[in-house]
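Right, one structure below, let's go through it.
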Amino acid sequence: MSKETTQKINQVINDFGRSPLHDTPLSNTLTASPDIVLAMTIDALIKARPISHGLAQRTINKLIEAGYHDINILSNSSWEDRVSVLAEGGYNRYREQCATNLGELAKLVLEKYDGDLNNLLHQASFNRDEAGILMKEIKGVGDLAVEVFFNNVQSVWPCIAPFVDSRSLKTAVYVGIREDLDYIYKVLEEDPVRMSWFANGLSEVRLEKKQDVI
């Protein structure tokens with residue numbers, strides 16, 4: 001690829017890059033702790049719904065403020081508790097279903113993964129495709145939610161990298177970066193955290209309709 005392509009990759013990460021769980025109190029806590037991985041799962045569950053980016057972000061913040069990234073707090077919450085928190089975030093259209101899905105998520109994590117979704121990765125033998133299949137056992141998680149999750153979790157599960165969700169790959173093609181993830185990863189010094197920032201940066205470009213400034 002050309003020098004211009006390399007410059008565009010760097011522009012995306014420098015001007016639009018976002019950390020996993022950005023704009024939440026957890027954005028500076030990048031570890032593979034059970035809380036962080038669960039928070040990334042909840043983030044994906046919300047963002048995969050056809051709602052505005054701003055509404056999704058407000059809802060995620062409310063869920064984190066409620067402590068639902070702690071499996072014990074989430075599992076001990078009632079359906080009514082979860083509906084109330086979602087309502088505080090302005091999450092109305094899918095509120096009841098999402099409250100149910102969050103309860104089912106807690107049950108699955110406790111019963112199948114001993115309270116820690118890192119065990120999902122072990123069960124998948126650190127294989128990205130297998131991890132995606134297991135993630136879709138979570139109610140409300142489909143292909144799009146898995147992609148949103150992988151954008152973020154590659155920062156703490158390096159075996160997932162390099163990854164960019166399919167919608168953002170189309171953005172990469174539009175701005176002239178193309179789809180060569182191995183090249184992009186090389187430019188980013190094969191750093192899974194920077195790859196996550198880049199993937200989220202492309203999402204930001206797409207959501208804010210900034211394609212023409214790259």
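Side-chain atoms of Leu169 and Leu181, non-hydrogen and from C-beta on, do get closer than 4.5 Å to each other. Using a 4.5 Å heavy-atom threshold, the side chains of Tyr68 and Asp81 count as touching. Annotation: side chain of Val83 is not in contact with side chain of Tyr91 (no heavy-atom distance under 4.5 Å). Put simply, the side chain of Ile71 reaches to within 4.5 Å of the side chain of Leu38, judged on heavy atoms. Here the side chains of Asn151 and Met195 are not in contact, with every heavy-atom distance at 4.5 Å or above. Leu102 places a side-chain heavy atom less than 4.5 Å from the side chain of Leu63.
Counted by atom type alone, Arg95 and Asn92 present one or more donor-acceptor pairs between their side chains at under 3.5 Å. In the model, Gln123 has no side-chain atom that pairs as donor or acceptor with a side-chain atom of Asn119 under 3.5 Å. Tyr183 and Thr6 are linked by a side-chain donor-acceptor pair at a separation below 3.5 angstrom, with hydrogens and angles left out of the test. Under 3.5 Å, the side chains of Ser2 and Thr5 contain a donor-acceptor pair of N or O atoms.
The aromatic rings of His122 and Phe126 sit perpendicular, their planes meeting at an angle over 60°, well past the 30° parallel limit.
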Take Asp143 and Lys136 through the salt bridge (charged side-chain N to carboxylate O under 4.0 Å, His left out) test and state the conclusion after the steps. CA-CA 7 Å; Asp143 290 336; Lys136 284 191 282 189; 2.6 Å; yes
Should Glu137 and Lys112 be marked as a salt bridge (charged side-chain N to carboxylate O under 4.0 Å, His left out) after you check the CA-CA gap, both sets of side-chain angles, and the distance that decides it? CA-CA 11 Å; Glu137 292 180 355; Lys112 185 167 183 176; 2.5 Å; yes
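A salt bridge is defined here as a Lys NZ or Arg NE, NH1 or NH2 lying under 4.0 Å from an Asp or Glu carboxylate O, and Lys47 with Asp43 meets this definition. The residues Lys186 and Glu190 are annotated as not salt-bridged, no charged nitrogen and carboxylate oxygen being separated by less than 4.0 angstrom. Under a 4.0 Å N-O distance rule, the pair Glu104/Lys107 does not qualify as a salt bridge.
Nearest heavy atoms, Gln211 versus Arg206: NE2-CA, 3.8 Å.
Proximity of the aromatic rings of Trp197 and Phe16 is defined here by a centroid distance below 6.0 angstrom, and this criterion is not met.
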